[in-house]
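What follows is a short report on a single structure.
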Amino acid sequence: MDKKTATDLAVSLRQEIDEHNYRYHVLDDPKISDADFDRLLRSLDAIEKEYPDLVSPDSPTQRVGGQPSEVFASITHRVPMLSLDNAFSVDDLRNFVRRALNLVPDAEISFIVELKVDGLAVSLQYENGLFVRGATRGDGETGEDITQNLRTVQSIPLRLQKPLTLEVRGEVFMPRSSFLALNEERERRELPLFANPRNAAAGSLRQLDPKVAAERNLDMVTYGLGYSPDFSPPSHFEALMAMRELGLKINTNIKIISDLEEVVAYCEGWREKRYELPYDIDGLVIKINDLALQQRLGTTAKSPRWAIAFKFPAEQAVTRVEGITVQVGRIGTLTPIAELAPVKLAGSVVRRASLHNEDILREKDVRVGDHVIIQKAGDVIPEVVEVVKAKRTGKEVSFIMPEVCPACGSAVSRLPGEVALRCFNLACPAQVMERIAHFASRGAMDIEGFGPAAAEQLLGAGLIQDVADIYYLPENKEALLALERKADKSVENLLAAIEQSKSRPLWRLIYGLGIRFVGDRTARLLADYFGSLDNVTEATMEELVNVPEVGPKIAESVISFFALDSTSEVIEKLRRAGVNFVQEQKAEEAGPLNGKTFVLTGTLPTYSREEVARLIEDAGGKVTGSVSKNTDYLVAGEKAGSKLDKAEKLNITVLDEASLFKLLGQGEQGNTIADTK
Ligand code: IVH
């Protein structure tokens with residue numbers, strides 16, 4: 001494509017993409033499918049790759065850019081970002097109106113009522129229509145420059161529909177479903193959970209690497225103006241409408257009301273209805289609509305006199321503790337749970353509440369038979385706030401945490417520095433299913449056909465009790481065949497996959513054992529450093545902390561893991577079965593893809609790009625981000641974009657997933673994969 005055609009096409013593609021983005025995010029009325037939208041984006045990306053000087057800062061391809069920052073610069077707000085006074089009752093609301101009327105007795109007041117979305121206040125600056133700077137509220141005078149992170153929020157336009165210079169303010173938030181998904185993912189990766197969507201949104205905006213923020217599915221609604229001397233609509237409502245026309249997303253749950261009693265009724269209406277929203281609100285904001293009147297009323301040092309927040313109290317309920325049970329989590333954590341008389345709270349019926357751990361249970365002194373106040377933290381996870389001591393009859397029974405695991409009966413203890421009691425028995429039935437499934441998973445020992453369902457079935461049938469038993473299944477072929485729906489062929493395949501997994505690289509075994517805090521990266525580092533599983537099991541604290549990236553927390557966890565009798569048993573069983581315990585020769589020296597450089601693009605049919613990259617690296621190949629004349633192969637899946645065009649232009653061999661596996665299959669490492677696919 002010649003430069004002129006490319007320039008014209010880039011301009012029109014950008015316009016088209018912006019328009020669809022606006023329809024999707026602001027109007028909530030998309031006209032094309034996500035796939036078609038992605039196609040437009042990829043076409044634009046391809047043109048920009050070919051002619052990099054055509055890239056403009058507001059191009060929709062440029063949301064995630066730049067290097068992670070070291071610190072956030074500070075930004076002084078030209079107009080302070082104030083906070084709102086709170087009204088907790090109807091009387092508070094009346095007082096607010098009375099105070100306003102005292103100051104402007106001649107005025108006819110009409111209000112605009114908005115939802116108070118529970119997120120983080122930010123300011124966005126546009127210069128000649130271009131988004132140039134974004135900041136947190138900070139202390140109201142000075143905030144932090146989080147422009148790079150805000151650019152990743154899809155509902156924030158990088159260019160306004162008109163070349164205006166203005167500052168707008170609004171709330172960045174995380175929809176509840178994204179929050180739940182994020183926490184689930186974090187739980188799997190043993191990262192600390194976010195308490196509520198607001199904390200998750202704040203945590204995401206404070207990431208130094210914009211790539212992280214980009215993955216967090218943040219959203220934003222605009223609710224006001226900052227320093228905007230050239231922009232003066234007569235009312236707040238008109239300001240909102242004008243902002244919407246400029247491309248900014250506003251919350252359309254707004255209502256203009258002139259009667260105070262109606263305002264109160266409207267607010268009350270949201271008390272229950274709020275649980276139907278896909279995001280959290282913590283109240284409503286009542287603003288005086290007329291902007292001239294707002295000017296006349298002015299502000300106090302802290303908050304405007306023309307607006308007030310009507311806050312819903314954190315919803316609480318009182319109920320009775322009918323029992324206390326102990327739950328054993330995936331990694332053996334014992335959590336005391338209050339079993340409650342069912343009670344309605346924050347839009348759902350609550351029957352159980354977490355008491356978190358032994359310390360909290362003691363501190364709150366929750367007893368069976370107690371009446372307790374419960375609430376939802378961030379309206380998501382119910383917790384016991386406190387005991388209603390006045391309701392005690394003396395018949396309540398204190399609960400003592402068990403000394404043995406309720407699931408398997410082995411002794412429980414605390415790891416140094418941790419509050420939770422844990423069961424360390426590898427064969428504990430509460431943990432074993434997850435452990436076995438993890439061991440066999442693609443990321444670990446990669447046993448094809450051995451997913452969570454198989455783990456559950458084999459456990460249920462008593463054919464396995466721990467991860468090592470997997471390797472003794474061949475001795476039980478008859479029993480396997482007898483299992484429901486296990487045909488001859490699938491049993492053969494499963495046994496073959498199990499056999500192949502015996503020669504996986506050492507790091508996969510270490511990772512597969514499921515040692516707390518040892519993810520796949522740490523497992524690789526341990527394998528590289530110690531060279532054999534036996535060396536890892538015998539490692540001392542001093543040696544462990546010498547491993548790059550390993551600190552005392554991981555080291556302690558490794559030592560306590562290998563000190564357990566149940567661990568030694570499993571390890572001996574694995575050894576007897578012939579599972580590889582040693583670090584293979586460095587892949588660079590031996591792998592079939594030695595010295596070859598790969599680039600990955602598009603979506604592959606079975607493996608994720610990360611998994612494929614790992615397979616290539618295991619086989620001695622190198623994976624880089626962009627196609628150049630040094631690239632040997634491009635592995636292309638569905639929706640491959642500009643990289644494919646470039647590779648074709650440079651005559652680089654393009655592989656699909658199947659042909660990549662053929663290539664891998666020439667070597668020892670690859671055989672296992674090619675055969676099991
Ligand atoms: S107006 C001068 N409108 O609530 C203060 N605030 O408690 C202007 N908030 O910091 C704020 N939704 O983070 C306003 N529709 C809305 C809001 C809203 C949420 C937040 C905002 C503010 C806090 C004050």
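Just so you know, ligand 1 is whichever comes first in the structure, and atom 1 is the first atom listed for that ligand. Just so it is clear, the values below take in all heavy atoms, side chains as well, and ignore hydrogens, waters and symmetry mates. Given the structure is predicted, the values throughout are model-derived calculations rather than measurements.
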Query - Any N/O pair Pro304/ligand 1 closer than 3.5 Å - result: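 Between Pro304 and ligand 1 (N or O atoms, distance only) the closest approach is not under 3.5 Å.
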Query raised in the report: Below 3.5 angstrom, do we get any N/O pair linking Glu114 and ligand 1?
Result: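 Yes, Glu114 has an N/O under 3.5 Å of an N/O on ligand 1.
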At what distance is the nearest protein heavy atom to [atom], and which residue and atom is it?
atom: atom 4 (O) of ligand 1; value: Lys116 NZ, 3.1 Å
atom: atom 10 (O) of ligand 1; value: Ala121 CB, 3.8 Å
atom: atom 5 (C) of ligand 1; value: Leu82 O, 3.5 Å
atom: atom 22 (C) of ligand 1; value: Tyr223 OH, 3.9 Å

Please determine whether a side-chain nitrogen of the Lys or Arg among [X] and [Y] lies less than 4.0 Å from a carboxylate oxygen of the Asp or Glu.
X: Arg206; Y: Glu144; answer: yes
X: Asp36; Y: Arg39; answer: yes
X: Lys302; Y: Asp85; answer: yes
X: Arg133; Y: Asp145; answer: no
X: Arg14; Y: Glu48; answer: yes

Query raised in the report: Which of the listed options, Val122, Leu84, Ile250, holds the heavy atom that is closest to atom 8 (C) of ligand 1?
Result: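 Going through Val122, Leu84, Ile250 one by one, Leu84 has the nearest heavy atom to atom 8 (C) of ligand 1.
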Query raised in the report: For atom 20 (C) of ligand 1, which of Lys311, Glu171, Lys302 has the closest heavy atom?
Result: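 Selected option, by shortest heavy-atom distance: Glu171.
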Query raised in the report: Is it true that a side-chain atom of Lys31 and a backbone atom of Arg23 form a donor plus acceptor pair closer than 3.5 Å?
Result: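 Not a single qualifying donor-acceptor pair exists.
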Requested in this report: With heavy atoms only and a cut-off of under 4.0 Å, state how Lys287 meets ligand 1: side chain, backbone, both or neither.
Outcome: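 Contact part for Lys287 vs ligand 1: side chain (C-beta onward).
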Report task. Pick one of side chain, backbone, both or neither for how Thr299 approaches ligand 1, counting any non-hydrogen atom pair under 4.0 Å. Result ->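 The answer is neither.
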Query raised in the report: Which of these passes salt bridge (charged side-chain N to carboxylate O under 4.0 Å, His left out) with Asp118: Arg176, Lys311, Arg274, Arg198?
Result: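 Answer to the salt bridge (charged side-chain N to carboxylate O under 4.0 Å, His left out) test with Asp118 among Arg176, Lys311, Arg274, Arg198: Arg198.
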Answer with yes or no whether [X] contacts ligand 1, where contact means a heavy atom under 4.0 Å from a ligand atom.
X: Leu120; result: no
X: Arg169; result: no
X: Ala307; result: no

Query raised in the report: So among Leu120, Asn196, Asp219, Leu218, which one has a side-chain contact (heavy atoms from CB on, under 4.5 Å) with Met174?
Result: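 Option passing the side-chain contact (heavy atoms from CB on, under 4.5 Å) with Met174: Leu218.
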Requested in this report: Can you label the angle between the His20 ring and the Phe37 ring as parallel, tilted or perpendicular, going by 30° and 60°?
Outcome: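 Plane angle over 60°, so perpendicular.
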Query raised in the report: For ligand 1, which atoms sit closer than 4.0 Å to a heavy atom of Val117?
Result: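 Result: 12 (N), 19 (C).
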